[in-house]
Every structure is written in C-alpha cells, then in structure tokens.
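Accompanying notes for the structure given below.
Computed from a predicted structure; not experimentally measured.
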Amino acid sequence: LLFRVAAPVARRFALGVVGNLARLPLGPQAIDFLGHMAPPRQLAREFCGLKFLSPVGLGPWLDGEAQATKALSRFGFGFLEVG
C-alpha cells in the first residue's frame with residue numbers, strides 16, 4: 001500500500017504510526033518486540049564526555065517534523081540529529 005503513494009506521504013504515514021505507537025503505555029516495549037534493535041555493547045563509544053550506544057546515527061532529514069523521535073531512538077541508533 002505504501003508503495004502506491006508518493007514517497008513523502010508514505011514516509012509521513014509510517015513515521016506517524018511508529019511515533020504514535022511509541023507514545024502508548026506499552027508502545028516502546030512493542031517496538032522492541034518487533035526486532036533486535038539494541039546495538040551490541042561492543043559498539044558503544046564515548047566522545048567529548050558523551051556516551052553513545054552505537055557509532056551509527058540518524059540525520060534530521062528522515063523525520064523532519066519530529067513525529068517519531070521517541071520511536072526512532074529505540075531502533076539501535078547511537079544518536080538522532082534533530083533540527
């Protein structure tokens with residue numbers, strides 16, 4: 001279904017769904033249940049006094065409207081760039 005609509009519409013819909021899911025009482029646990037999203041501890045890094053779970057980050061262009069930052073933070077990224 002998402003492949004039949006324009007990419008910006010599909011992205012906005014998908015981010016809205018996972019964003020709303022993350023706001024539900026058991027939503028974060030549901031997201032974790034969907035897959036192995038926590039990065040291995042060996043990937044953790046420290047930089048300028050900040051600890052990152054992973055050296056892989058997500059830039060601001062995927063979720064420009066900040067609909068799903070709480071959900072995306074559970075996807076194994078070490079950091080999310082917002083703004």
N/O donor-acceptor pairs under 3.5 Å from side chains in residues 16-23, not counting sequence neighbours:
unit_1: Asn20; atom_1: OD1; unit_2: Arg23; atom_2: NH1; d: 3.0
unit_1: Asn20; atom_1: ND2; unit_2: Gly16; atom_2: O; d: 3.1
unit_1: Arg23; atom_1: NH1; unit_2: Gly19; atom_2: O; d: 3.1
unit_1: Arg23; atom_1: NH2; unit_2: Gln67; atom_2: O; d: 2.9

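Nearest heavy-atom pair across Ile31 and Ala71 is CD1-CB, 3.8 Å. Of all heavy-atom pairs spanning Leu53 and Pro39, the tightest one is O-CG, 3.6 Å. When all heavy atoms of Ala10 and Leu2 are compared, the closest pair comes out as CB-O, 3.5 Å. In terms of heavy atoms, Ser54 sits closest to Gly76 at CB-O, 3.7 Å. Taking each heavy atom of Phe79 and Pro55 in turn, the nearest pair found is CE2-O, 4.0 Å. In terms of heavy atoms, Leu15 sits closest to Leu72 at CD2-CD1, 4.3 Å.
No chain of hydrophobic side-chain contacts below 4.5 Å, direct or via other Ile, Leu, Val, Met, Phe, Trp or Tyr residues, connects Phe13 to Val5.
Put simply, the side chain of Asp32 reaches to within 4.5 Å of the side chain of Arg74, judged on heavy atoms.
A distance of 7.0 Å separates CG of Leu80 from CZ of Phe77, quoted to the nearest 0.5 Å. Here the CG atom belonging to Leu1 is positioned 10.5 Å from the CZ atom belonging to Phe3, to the nearest 0.5 angstrom. For the atom pair CG (Leu62) and CZ (Arg11), the distance works out to 6.5 Å, reported to the nearest 0.5 Å.
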